[in-house]
Amino acid sequence: MAQINFGGTVEDVVTREEFPLEKARQVLSDQTIAVIGYGVQGPGQALNMKDNGLNVIVGQRKGKTYDKAVADGWVPGETLFEIEEALEKGTIICYLLSDAAQIELWPTVKKYLTAGKSLYFSHGFGITYKEKTGIVPPADVDVFLAAPKGSGTSLRRLFVEGKGLNSSFAVYQDATGTAREKCIAMAIGVGSGYLFETDFYKEVTSDLTGERGTLMGAIQGIFAAQYEVLRENGHSPSEAFNETVEELTQSLMPLVAENGMDWMYANCSTTAQRGALDWWKPFKEATKPVFAKLYDSVKTQAEAARSIDLNSQPDYRPKLEAELKDLRESEMWQAGAAVRSLRPERN
Ligand SMILES: NC(=O)C1=CN([C@@H]2O[C@H](COP(=O)(O)OP(=O)(O)OC[C@H]3O[C@@H](n4cnc5c(N)ncnc54)[C@H](O)[C@@H]3O)[C@@H](O)[C@H]2O)C=CC1
Ligand SMILES: CC(=O)[C@](C)(O)C(=O)O
Ligand SMILES: [Mg+2]
Ligand SMILES: [Mg+2]
């Protein structure tokens, strides 16, 4: 593995140079990879693996997503099957149902996990919270994960552009002695950039923190707070939205992605730099206790319990959709829709 210095800490990572696609193909040459579930990660991973020359089939129950799989080029009876048929044919079972649905389908999946097969996850959830999920694989199967650090939608889009999201990988159970190389081969096969090693507990703990925190929850909270203060002080919706969101996503975050925060600062005015360098600290102090509380809520499994409890209620989907609708219809995101429609490239 390559040793890379991450800001003073040296870590082992796997790059595509040392574990090239050719090697992944060779490791997986005698495997039938069954992607179970065709929601968000399913399509991204299945299509990337197929385009990478791996032997992939999809298992999806009939309905809208099944039709989407057909539209994406999966052929019923050849590469697309009902879930149980795919479970039977697959030698590496990619369990890409939603974490909640994984609980429900587990007794079925377990039946098909015969000796020597592999069980692949993209999250540490099901295994780490096994007291809550009941997911306990048989001892004679390999169990590992590759968790792309991003949406399956981006995983596919970046792959098509010749780029790759980073993924973490972890082996939970090595029954055959080949779990680790299959795990890395799968992580390369789904189109990852570089790979960093973790374990199931650390993966789920950091992932739940990240998505509730800066990646999704905190960012919306901070946007909403600033937008409201601007509106309360008489600024128009378009001004408030541009100064809160649009400039960040269109102008400044691409600079951060390219070369770091100081590079983005350096490309802004000295006035902006002075203010940003002064103000990031009070923002950090104000929010750090919230992040500590969040981490604790993940660690005590309160977040997992809440997710499982709510997701298993029959009326959860419509309720979730109603919450997303409220967000979409909030003034800030309605202003956002109008702002996006005015982007020159959309005309
Ligand atoms: N959404 C994402 O991009 C990411 C997801 N992950 C992980 O990947 C895994 C898959 O997540 P998503 O792609 O978001 O899943 P999803 O919520 O999009 O659902 C996947 C599939 O599950 C099927 N499904 C739902 N309930 C079912 C049931 N009761 N019986 C049979 N099929 C059912 C749906 O038809 C859908 O095709 C999870 O472990 C998740 O944590 C990891 C990284 C990012
Ligand atoms: C996209 C991703 O990696 C998340 C946010 O953790 C998820 O969808 O669960
Ligand atoms: Mg994630
Ligand atoms: Mg997640």
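Counting starts at 1 for both ligands and their atoms, following the listed order.
- Under a 4.0 angstrom heavy-atom cut-off, Ala147 registers as lying outside contact with ligand 1.
- Cation-pi geometry between Lys182 and Phe144 is not satisfied (NZ or CZ under 6.0 Å from the ring centre, within 45° of the ring normal).
- Protein heavy atoms come within 4.0 Å of atom 3 (O) of ligand 2.
- For Gln41, heavy-atom contacts with ligand 1 shorter than 4.0 Å involve the backbone as well as the side chain.
- The distance from ligand 1 to the heavy atoms of His123 drops below 4.0 Å at these ligand atoms: 39 (O), 41 (O).
- Counting the atoms of ligand 1 from 1 in the order shown, those under 4.0 Å from a heavy atom of Pro148 are 43 (C).
- Protein heavy atom closest to atom 6 (O) of ligand 2, with residue, atom name and distance, is Glu211 OE1, 2.6 Å.
- Taking a cutoff of 4.0 Å between a charged side-chain nitrogen and a carboxylate oxygen, Arg231 and Glu228 do not qualify as a salt bridge.
- Of the N and O atoms on the side chains of Tyr120 and Gln45, at least one donor lies less than 3.5 Å from an acceptor on the other residue.
- In this structure, Ser307 contributes its side chain and Ala304 its backbone to no donor-acceptor pair below 3.5 Å.
- Taking 4.0 Å as the cut-off between side-chain N and carboxylate O, Arg156 and Asp72 do not count as a salt-bridged pair.
- Here the protein heavy atom with the shortest distance to atom 17 (O) of ligand 1 is Ser98 CB, 3.3 Å.
- Within the 2.8 Å limit, Asp207 places at least one N, O or S atom next to the Mg ion (ligand 3).
- When hydrogens are left out, the protein atom nearest atom 20 (C) of ligand 1 is Leu96 O, 3.4 Å; that is the closest non-hydrogen contact.
- For atom 7 (C) of ligand 1, the nearest non-hydrogen atom of the protein is Ser122 O, 3.9 Å.
- A cation-pi arrangement, defined by a distance under 6.0 Å to the six-membered ring centre and an angle within 45 degrees of its axis, is present between Lys50 and Trp74.
- More than 12 heavy-atom neighbours from other residues, nucleotides or ligands sit within 6.0 angstrom of CZ on Arg274.
- Taking a cutoff of 4.0 Å between a charged side-chain nitrogen and a carboxylate oxygen, Arg328 and Glu323 do not qualify as a salt bridge.
- Contact annotation for Met216 and ligand 2: only side-chain heavy atoms (C-beta onward) come within less than 4.0 Å of the ligand.
- Annotation: atom 28 (C) of ligand 1 to nearest protein heavy atom, Arg61 NH1, 3.2 Å.
- For the pair Thr249 and Pro254, the tightest heavy-atom approach, listed with the atom from each and the gap, is O-CD, 3.3 Å.
- Judged by distance alone, the side chains of Glu203 and Ser168 never bring a donor and an acceptor atom under 3.5 Å apart.
- Among all protein heavy atoms, the one lying closest to atom 14 (O) of ligand 1 is Val40 CB, 4.0 Å.
- Heavy-atom distances between Phe125 and ligand 1 stay at or above 4.0 Å for every pair.
- In terms of polar-atom proximity, Ile83 is not counted as a contact of ligand 1, lacking any N or O under 3.5 Å from an N or O of the ligand.
- For the ligand labelled ligand 1, residue Lys149 lies outside the 4.0 Å heavy-atom shell.
- Remark: ligand 1 atoms within the under-4.0 Å shell around heavy atoms of Gly39 are 18 (O), 20 (C), 21 (C), 36 (C), 37 (O).
- In terms of protein heavy-atom proximity, atom 35 (O) of ligand 1 is nearest to Gln60 NE2, 3.0 Å.
- For the pair Arg317 and ligand 1, the shortest N or O to N or O distance does not fall below 3.5 Å.
- On a distance-only criterion, Gly152 and ligand 1 share at least one N/O pair closer than 3.5 Å.
- No part of Ala100 comes within 4.0 Å of ligand 1, judged by heavy-atom distances.
- Electrostatic pairing of Asp207 and Lys149 counts as a salt bridge here, judged by a charged N lying under 4.0 Å from a carboxylate O.
- Interface atoms of ligand 1 facing Glu104, defined by a heavy-atom separation under 4.0 Å, are 29 (N).
- Note on ring orientation: taking the six-membered ring where Trp is involved, the planes of Phe200 and Tyr172 are tilted (angle from 30° to 60°).
- With hydrogens left out, the protein atom closest to atom 26 (N) of ligand 1 is Ala101 CB, 3.2 Å, a heavy atom.
- At under 3.5 Å, not a single nitrogen or oxygen of Tyr95, backbone or side chain, sits near a nitrogen or oxygen of ligand 1.
- Considering backbone and side-chain atoms together, Asp207 places an N or O closer than 3.5 Å to an N or O of ligand 2.
- Aromatic ring centres of Tyr129 and Phe125: separated by under 6.0 Å.
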Verdict with supporting geometry, Ser122 and Gln41, side-chain hydrogen bond (donor to acceptor under 3.5 Å, both in side chains): CA-CA 8 Å; Ser122 285; Gln41 279 297 314; 4.7 Å; no
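- We find that Arg61 and Glu84 are not joined by a salt bridge, their nearest charged nitrogen and carboxylate oxygen being 4.0 Å or further apart.
- Close approach of ligand 2 to Ser151 (heavy-atom distance below 4.0 Å) involves ligand atoms 1 (C).
- Both tests hold for Lys62 against Tyr66: distance to the six-membered ring centre under 6.0 Å, angle to the ring axis within 45°.
- Contact analysis leaves Gly126 out of contact with ligand 1, as no non-hydrogen atom separation drops below 4.0 angstrom.
- Between atom 11 (O) of ligand 1 and the options Leu97, Asp99, Thr108, Ile36, the minimum heavy-atom separation is to Leu97.
- Of all atoms in ligand 1, listed by their number and element, those nearer than 4.0 Å to a heavy atom of Gln102 are 39 (O).
- Ion pair Glu18/Lys23 not flagged as a salt bridge, since none of the NZ, NE, NH1 or NH2 atoms sits closer than 4.0 Å to an Asp/Glu carboxylate oxygen.
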